[in-house]
Every structure is written in structure tokens, then in C-alpha cells.
Asks: 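The following block contains the structure, expressed as C-alpha cells.
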There are 2 protein chains.
Amino acid sequence: MTDHAAIEHAAFRLFDQQGFDHTTMDDIARAVGVGKRTLFRYFPSKNDIPWGQFGASLDLFRKQFAAVPPETPLAEAVHACVVAFNTFDDTVVEQHRVRMRLILTTPTLQAHSAIKYEAWRRVIAEYVAHRLSIGADERLPRLIGHVSLAISVAAYEQWLIDPGSSLTHLLDQEMAGLKAYLASR
Amino acid sequence: MTDHAAIEHAAFRLFDQQGFDHTTMDDIARAVGVGKRTLFRYFPSKNDIPWGQFGASLDLFRKQFAAVPPETPLAEAVHACVVAFNTFDDTVVEQHRVRMRLILTTPTLQAHSAIKYEAWRRVIAEYVAHRLSIGADERLPRLIGHVSLAISVAAYEQWLIDPGSSLTHLLDQEMAGLKAYLASR
DNA sequence: TACCTTAATGGCACTCAGCGCCATAAAGGA
DNA sequence: TCCTTTATGGCGCTGAGTGCCATTAAGGTA
């Protein structure tokens, strides 16, 4: 009766109690009541556990883009989808904050994030490429993926600092801050 | 008579021959003619070997910023220093390309890059913070660090694709591409 | 009911990064 | 010559991650 949610739950409890680095896969396996070998069948690595079902949320991300009217200005479309991607129900927003705090404050996980971010950037690059009728490996699609990520991570960092802040509002603010910065003389 | 350069040289040869993941620290130690334990005294981890003396180059990066006239527009100053940081002599540019290709195409190293990038972003954040008379942990300094990194990585990716391209020219192009993207309606 | 197939499980042994500890050798200074 | 510092590297350990294989549960068929 093992499933991802049960593993995640037990793991997050241990990460909170002992810290990520001081929690072994054997610890988690024991807490879930399962063999270590089984854990590695549900999550390809220890670093993937905090990310939960990130791959599934990328599918939703793609659907957001698919639903954008084609006449929407490109930058506006991308920003709106990034905001939508980071919009969470009140019932899960605190759990999301715990998850992201763990990921963004644990060096091991910050490093692993690069792999996850790459897939996220790819979704954006593919949309931009589609809109411009070019390949997703072209210069501009990749650039927009990188810059959108930069804005998002900056917003997340601020979100973790200000407990009362709104993530979507912060995304707007970071975007506005970037525009002002580039326009400044 | 062991030094960083000798280790790097032997390691790069092996990485080229066998791939990064299939080269063990024991392999490198044997090639250098030194104990594995000694390798870990020169480089804190296997992942740090491809980065060479990155920390030292960050000191130069800081000096670039210190030499900028205070009346230079902020965005212009940052971009100029990023370009300067990525300006290499013709005699070392090909070695730099090998290094960056390894880092940017090996998943293990892409992940580790996050740690290195953080220190690089910090240099930018500190300069922006200084110019604005605020803290380096404030929103805008961190944002500019992230966005500058996004532009740089995008330029590097393109640089690896186009063998004849100029890295500094690509940095200008990515910056121009971003401005055009954000200004588009 | 007996039989067969398939998927999930988990134990075992192995590789490799990385660290703590300690012994040794070389170098340099008084 | 003695003492101290520094570089070295061996040894053994922890922990992530993998391949292999045996066991068990589940589901379908004759």
C-alpha cells in the first residue's frame, strides 16, 4: 500500500526533525515501513523526494500555455502562465512554502534544482518557440526560459523572507523591477 | 610537487577519454601519482575540479566592479563587468570552451553549478546594493544577480553551439534580445 | 482448485564520493 | 641537532545509488 504521498509525508517529517542531510534513506524507509530498495523505485534519488510530483505539475504548466489566446503579447502570455503556475489554493499554500523553503535553503537541494529547473525552462522555451515559429533550442526561447526562471526564483526567495507576502504579487513586482532596471539611465 | 594545475590537467584528460561520471577519484589520483586523500585536499569535491580556480576569478570580478565610475548607469555598469568577466585571451579561450562544455553538458556538473553561480550572483548583488545604498539581500540586488546569470548562461549555451561565435558579442546579443522581448507588445 | 504470469517488494553485495583519524616524511627555523 | 609545521596518504567508515535475484501477492485461465 506504499505510495508517493506516504513516503513524502514521512520524509518531510524527518527532514524537519533532523535536517535533510542528516536523514538517511534507511531512516525514511524505516519510517515508512518499507525497504530502502523500494524507496528508490518511487523516487529516483533522495533529492527528488522534496519535489514530489513536479513532473505532473509541468503537464499542467503546458496546458496553461495551450490555453492562451494566440493574440496575447508574448511577454504577457509567458508572465501570466508563470503566475498561474505559482497560484496555489489556500489549503496547500503552507505546505508549498515548507517544500520550497527546504529546497531553497538546503545546498544539496539547491544544486539538484538545476535539473528540475531545466525541464521547467523547457516548457517556456517550447511555447516561445511555437509563438515565433522557430525551434525551442534557438537563442530567444532559451533566453526567455532562463530569465523567467530568474524572476521566479527571486520571487520565491522574497516569499520565504516575507511570511505574509503573496507569491503571485511578488512575481509581478519582480517583473516590474526588471523592466525598471533595464529602462533606467 | 602536486598542484591544482597538474590535477586539473590529468583530470580533464580522463574526463575527455572516459566521461566525467565514469572517471573515479581513484583514477585521477593514479594518473596524478598521488593518493585519493590528497586530491580531496586540493579540491573539496570531484565536481569542483572542472571549475578550477573559480574563486580567484571572482576576486577579479569584484575588482572590475570597484573600478567602474560611479556615474555609470547601473544596468550599463553591470553588463560591462559581466562582459569583462567573460573576456578571455585567445591563448586560453579554447581551454575555457572545453571547461564550460564539460560543465554545461554534464548533468552532475550542471547541478553543482548552482553552488558556484550563487557566489557569482552575490558579487553582482553586492555591487547593485552598494550603488543603491541598500542591503545585498534586498529584492532588487538579488533579482539583478539572477537575471544577469540567466543572460550569461544563455550566452554560454549559444557559444557552445556556434564554434565561431564571440562570447562577449553573444552577451550583448542576449541583453538586446531581453530588452526587445520585454518591450514587445 | 490447480496453474501460470506479472508486478511489487526487499534483501544482499557492490561501487564510489567523501570524511575522520592517524602515522609518516619532508621542510624550515632556532 | 632538535622541534615544529606542513603535506601526504593509508585505513576504515558512512551513505547514496545500482544490479541481481528470490519471494510474495494478485489476477487471469483452463
Side-chain angles (χ1 to χ4, degrees), chain A residues 1-55 102-103 105-116 118, chain B residues 1-55 102-103 105-116 118:
Chain A
M1 211 49 54
T2 314
D3 70 335
H4 288 88
I7 294 171
E8 245 184 88
H9 190 261
F12 267 91
R13 179 186 302 273
L14 288 171
F15 294 157
D16 183 54
Q17 289 170 357
Q18 320 176 339
F20 182 81
D21 286 328
H22 292 95
T23 302
T24 70
M25 286 298 263
D26 277 309
D27 289 339
I28 301 168
R30 209 172 307 116
V32 181
V34 86
K36 184 184 78 162
R37 199 66 188 76
T38 300
L39 239 52
F40 279 104
R41 287 205 179 84
Y42 282 86
F43 293 93
S45 79
K46 180 183 168 186
N47 291 333
D48 283 296
I49 297 178
W51 288 87
Q53 304 296 305
F54 183 68
L102 181 65
I103 290 172
T105 62
T106 308
T108 312
L109 293 175
Q110 281 181 48
H112 183 70
S113 299
I115 311 297
K116 299 291 184 178
E118 187 179 16
Chain B
M1 212 49 52
T2 314
D3 69 336
H4 288 87
I7 294 171
E8 245 184 88
H9 191 261
F12 268 91
R13 179 185 303 272
L14 288 171
F15 294 157
D16 182 55
Q17 289 170 357
Q18 322 175 336
F20 182 81
D21 287 327
H22 292 95
T23 302
T24 70
M25 285 299 263
D26 278 309
D27 288 340
I28 300 168
R30 210 173 306 117
V32 182
V34 87
K36 183 183 81 163
R37 199 65 189 75
T38 300
L39 240 51
F40 280 104
R41 288 207 178 84
Y42 283 85
F43 293 93
S45 78
K46 179 183 168 185
N47 291 333
D48 283 296
I49 297 179
W51 287 88
Q53 303 296 303
F54 183 70
L102 181 64
I103 290 172
T105 62
T106 308
T108 312
L109 292 175
Q110 281 182 49
H112 183 69
S113 299
I115 311 297
K116 299 292 184 177
E118 188 179 16

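In the text below, chain A, chain B and the rest are named by the order of the sequence lines, each starting its count at 1. All heavy atoms count here, side chains included; hydrogens, waters and symmetry mates do not.
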Asks: Tell me: CZ of Phe40(B) to C1' of dA7(D), nearest whole Å?
Replies: 17 Å
Asks: Using atom types as modelled and distance alone, determine if a side-chain donor or acceptor of Thr38(A) lies under 3.5 Å from a backbone N or O of Val34(A).
Replies: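 No, the answer is negative, given that no donor and acceptor are paired below the 3.5 Å cut-off.
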Asks: For Asp26(A), give me all partners under side-chain contact (heavy atoms from CB on, under 4.5 Å), at least two apart in sequence or on another chain.
Replies: Thr24(A), Arg30(A), Lys36(A)
Asks: Can you tell me how far the NE2 atom of His9(A) sits from the CD1 atom of Ile49(A), to the nearest 0.5 Å?
Replies: 14.0 Å
Asks: Rounding to an integer number of Å, can you tell me how far Asn47(A) CG sits from dG15(D) C1'?
Replies: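 Between C1' of dG15(D) and CG of Asn47(A): 13 Å.
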Asks: What is the distance from atom CG of Leu14(A) to atom CE of Met25(A), rounded to the nearest 0.5 Å?
Replies: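 One gets 11.5 Å once the value is rounded to the nearest 0.5 Å.
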Asks: Please figure out whether Gly35(B) or Lys46(A) has its closest DNA chain D nucleotide nearer the 5' end.
Replies: Gly35(B)
Asks: Take the protein atom CG of Asp3(B) and the nucleotide atom C1' of dT6(D), then report the distance between them rounded to whole Å.
Replies: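 So the CG-C1' distance, Asp3(B) to dT6(D), works out to 16 Å.
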Asks: Can you list everything that forms a side chain to side chain donor-acceptor pair (under 3.5 Å) with Gln18(A)? Sequence neighbours excluded, please.
Replies: Thr23(A)
Asks: Considering residues at least two apart in sequence or located in another chain, which fulfil the ring-ring contact (aromatic ring centres under 6.0 Å, His included) criterion with His4(A)?
Replies: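 Here the qualifying residues are Tyr42(A), Phe43(A).
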Asks: Determine whether the side chains of Asp48(B) and His112(B) contain a donor N or O and an acceptor N or O closer than 3.5 Å.
Replies: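 On atom types as modelled, these side chains qualify, holding a pair under 3.5 Å.
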Asks: Would you kindly give the CZ-to-C1' distance between Arg30(A) and dG11(C), to the nearest whole Å?
Replies: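 For the pair Arg30(A) CZ and dG11(C) C1', the rounded distance is 15 Å.
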Asks: Between Ser45(B) (side chain) and Asn47(B) (backbone), is there a donor-acceptor pair under 3.5 Å?
Replies: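 Judged by distance alone, yes, a pair lies under 3.5 Å.
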Asks: Is Ser45(A) near enough to dA16(D) that one of its side-chain N or O atoms lies under 4.0 angstrom from OP1 or OP2?
Replies: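 Looking at the OP1 and OP2 atoms of dA16(D), neither is under 4.0 Å from any side-chain N or O of Ser45(A).
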Asks: Among residues 14-29 of chain B, which ones have heavy-atom contacts with DNA chain D below 4.0 Å?
Replies: none
Asks: Each nucleotide N or O in nucleotides 20-22 of chain C that has a protein N or O under 3.5 Å away: list the pair and distance.
Replies:
| unit_1 | atom_1 | unit_2 | atom_2 | d |
| --- | --- | --- | --- | --- |
| dG20(C) | N7 | Arg37(B) | NH2 | 2.9 |
| dG20(C) | O6 | Arg37(B) | NE | 2.6 |

Asks: Would you indicate, yes or no, if dA8(C) has its OP1 or OP2 atom less than 4.0 angstrom from a side-chain nitrogen or oxygen of Tyr42(A)?
Replies: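 Negative; the distance criterion is not met.
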Asks: Quick one: which of dG18(C), dA16(D), dT8(D) gets closest to the side chain of Lys36(B)?
Replies: dG18(C)
Asks: Quick one: list whatever passes ring-ring contact (aromatic ring centres under 6.0 Å, His included) with Phe40(A), sequence neighbours left out.
Replies: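 For Phe40(A) there are no ring-ring contact (aromatic ring centres under 6.0 Å, His included) partners, ignoring immediate neighbours.
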